[in-house]
Amino acid sequence: RLGCHSPERSVSQPVEVSVRLYFASEPAFVSNDDAAFIDYDALCGMLKDLVKQHEFQLIEYMAGTLFRHIRSYLDASAFSDVRVWLSLTK
């Protein structure tokens, strides 16, 4: 639910979220199947749940909220050196 005015937020709208992760060096999981890895399914599920539970007036604020959650997830998963690029399109 995204929009400046209440009527706009009262209806769910599609928002395309693109996330790119940039690694400073080759991650261990590229050459070791038992290495720590990023659970992309869990990350996407977390972001979907977050968006479903909140209303946002500004797409910029939604992007900032999603970015902070991605960053927190990566930091907790021992991937604090990964850079994040995020784009939202309404």
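Note that the structure is a prediction, hence the values are computed from the model and not measured.
By the neighbour-count criterion of 12 heavy atoms within 6.0 Å, atom NZ of Lys52 is sparsely surrounded, having that number or fewer from other residues, nucleotides or ligands. For CG of Asp33, the number of neighbouring non-hydrogen atoms (other residues, nucleotides, ligands) closer than 6.0 Å is 12 at most.
Atom CD1 of Ile59 and atom SG of Cys4 lie 10.5 Å apart (nearest 0.5 Å). Note that CD of Gln57 is 11.5 Å distant from CE of Met62, once rounded to the nearest 0.5 Å.
No continuous path of hydrophobic side-chain contacts links Trp85 to Leu88 [ILVMFWY only; heavy atoms under 4.5 Å]. When hydrophobic clusters are built by joining Ile, Leu, Val, Met, Phe, Trp and Tyr residues whose side-chain heavy atoms come closer than 4.5 Å, directly or via intermediates, Leu21 is grouped together with Val30. Under the 4.5 Å side-chain heavy-atom criterion for Ile, Leu, Val, Met, Phe, Trp and Tyr, Tyr40 and Leu66 are members of the same hydrophobic cluster.
Checked by atom type and distance alone, the side chain of Ser10 pairs as donor or acceptor with a backbone atom of Pro7 at under 3.5 Å. At distances below 3.5 Å, not a single donor-acceptor pair connects side-chain atoms of Arg83 with backbone N or O atoms of Phe23. Side-chain N or O atoms of Gln13 include one that pairs as donor or acceptor with a backbone N or O of Glu8 at under 3.5 Å. Between the Thr65 side chain and the Tyr61 main chain, a donor and an acceptor come within less than 3.5 Å of each other.
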Yes or no on side chain to side chain contact (heavy atoms under 4.5 Å, CB included) for Leu74 and Ser80, after CA distance, side-chain angles and deciding distance? CA-CA 6 Å; Leu74 293 172; Ser80 59; over 6 Å; no
Could you go step by step and tell me if Ser18 and Arg20 meet the side chain to side chain contact (heavy atoms under 4.5 Å, CB included) rule? CA-CA 7 Å; Ser18 298; Arg20 294 182 190 171; 5.9 Å; no
Between Phe67 and Val84, does a side chain to side chain contact (heavy atoms under 4.5 Å, CB included) hold up when you go through it step by step? CA-CA 8 Å; Phe67 179 85; Val84 177; 3.6 Å; yes
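Counting heavy atoms from C-beta on, the side chains of Val51 and Val15 never come closer than 4.5 Å. Residues Phe37 and Ser77 are not in side-chain contact: their nearest non-hydrogen atoms beyond the backbone lie 4.5 Å or more apart. Ile38 places a side-chain heavy atom less than 4.5 Å from the side chain of Phe79. Inter-residue side-chain proximity for Arg9 and Leu2 is flagged as unmet; no heavy-atom pair is nearer than 4.5 Å.
Minimum interatomic distance between Glu55 and Arg1 (heavy atoms only, all atoms of both residues): CG-NE, 3.2 Å. Residue Leu86 comes nearest to Ala63 through the heavy atom pair CD2-O, 3.2 Å, listed as atom of the first residue, atom of the second, then distance. Across Leu50 and His69, no two heavy atoms sit closer than the pair CD2-ND1, 3.5 Å.
Under the side chain to side chain donor-acceptor pair (under 3.5 Å) criterion, Asp75 pairs with Arg71, sequence neighbours left out.
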